[in-house]
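Just below is one structure, and these are the notes that go with it.
As a basis for the values below, the full set of heavy atoms in this structure was taken, side chains included, without hydrogen atoms, waters or symmetry mates. In listed order, ligands and their atoms are each counted from 1. Bear in mind the structure is a predicted one, so any value in this text is a computation, not a measurement. One is the number of the first residue; the rest follow in order along the sequence.
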Amino acid sequence: MSKLSLDRILQSQGFGTRKYCRALIEDGDVAVNGAVVDNYKATFDTGNLVLTVFDEDWRYREHVYLALYKPADYECSRKPSHHPGVLTLLPEQFEWRDVQPVGRLDHDTTGLLLMSDDGPFIHAQSSPKRHVPKVYQATTAEPVTQALVDELLAGVQLHDEPAPLKALSCVQRGEHQLEIVLEQGKYHQVKRMLAAAGNHCSALHRSQIGGLTLESLGLEEGEWCFLEPEQLALLVP
Ligand code: URA
């Protein structure tokens with residue numbers, strides 16, 4: 001636990017520049033554990049600290065770990081070009097904190113997206129050495145056949161890949177529906193694997209990462225939530 005001045009605390013949580021945070025405090029817009037504090041030099045232990053900023057409560061967090069139910073037509077890239085970026089779905093202070101998506105979903109893919117401002121966490125989660133299974137629901141243009149399922153399980157060769165890539169599991173869920181589990185996170189992997197196996201992915205949804213299911217989070221499309229330690233523990237392979 002560390003003791004910090006209130007202006008530094010607010011700044012660390014993404015509420016703006018030091019100057020702006022000082023003004024917020026002096027204007028009486030900030031409460032600490034329920035009591036308004038208008039002296040920006042006042043110091044507080046950051047453990048168990050709840051800040052109220054413009055009547056909204058925010059627990060102090062050294063880092064944030066978020067889950068977003070990504071809708072279609074949002075881009076994960078830092079500089080989105082054709083659609084709004086996923087950061088526009090989050091409160092503004094997360095952009096100030098430099099929250100980034102953990103890996104990427106294509107602009108037309110929906111589902112579970114992790115986001116964080118913890119660089120080592122993002123790096124570890126995105127590492128190719130980390131074998132966390134990810135579960136996708138793919139809608140296919142052509143009907144799903146047993147031959148397609150068998151081929152995806154046996155492995156398909158993609159351009160630029162040294163060896164065929166296999167699905168960890170692949171189950172037909174409907175005439176045009178496939179549940180596919182992948183361990184790797186290669187660029188457009190599901191779509192490219194389906195194309196290489198002679199079909200076409202017309203819609204894609206990620207429902208699970210490791211043991212963390214989107215359903216368990218109870219989010220609607222476009223909604224986000226904090227992930228707590230017990231949920232983060234489900235991401236460990
Ligand atoms: N595979 C894809 O093809 N697209 C995604 O968005 C995720 C996995």
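Side-chain contact, D150 with Q146: a donor N or O sits under 3.5 Å from an acceptor N or O. Side-chain atoms of S116 and D118 include no donor-acceptor pair closer than 3.5 Å.
Not a single heavy atom of Y187 sits closer than 4.0 Å to an atom of ligand 1.
Atom 7 (C) of ligand 1 has its closest protein heavy atom at Y136 CE2, 3.6 Å. Scanning all protein heavy atoms for the shortest distance to atom 1 (N) of ligand 1 gives V190 N, 3.1 Å.
Any N or O atom pair closer than 3.5 Å counts here, and K191 shares at least one such pair with ligand 1. Polar contact with ligand 1: present for H188 (N/O pair, distance under 3.5 Å).
A salt bridge is absent between E26 and K41: the closest approach of a Lys/Arg side-chain nitrogen to an acidic carboxylate oxygen does not fall below 4.0 angstrom.
Using a 4.0 Å cut-off to heavy atoms of D106, the atoms of ligand 1 that qualify are 2 (C), 3 (O), 4 (N), 5 (C), 6 (O). Below 4.0 Å from some heavy atom of T109 lie the following atoms of ligand 1, by number and element: 4 (N), 5 (C), 6 (O).
Ring pair H83/H107 is parallel by interplanar angle, where below 30° counts as parallel and above 60° as perpendicular.
At a heavy-atom distance under 4.0 Å, only side-chain atoms of L204, from C-beta outward, approach ligand 1.
F94 and L105 fall within the same hydrophobic cluster, where Ile, Leu, Val, Met, Phe, Trp and Tyr residues are linked whenever their side-chain heavy atoms come under 4.5 Å apart, directly or through other members.
For the side-chain hydrogen bond (donor to acceptor under 3.5 Å, both in side chains) criterion with Y136, the lone passing option out of Q189, R206, H205, E179 is R206.
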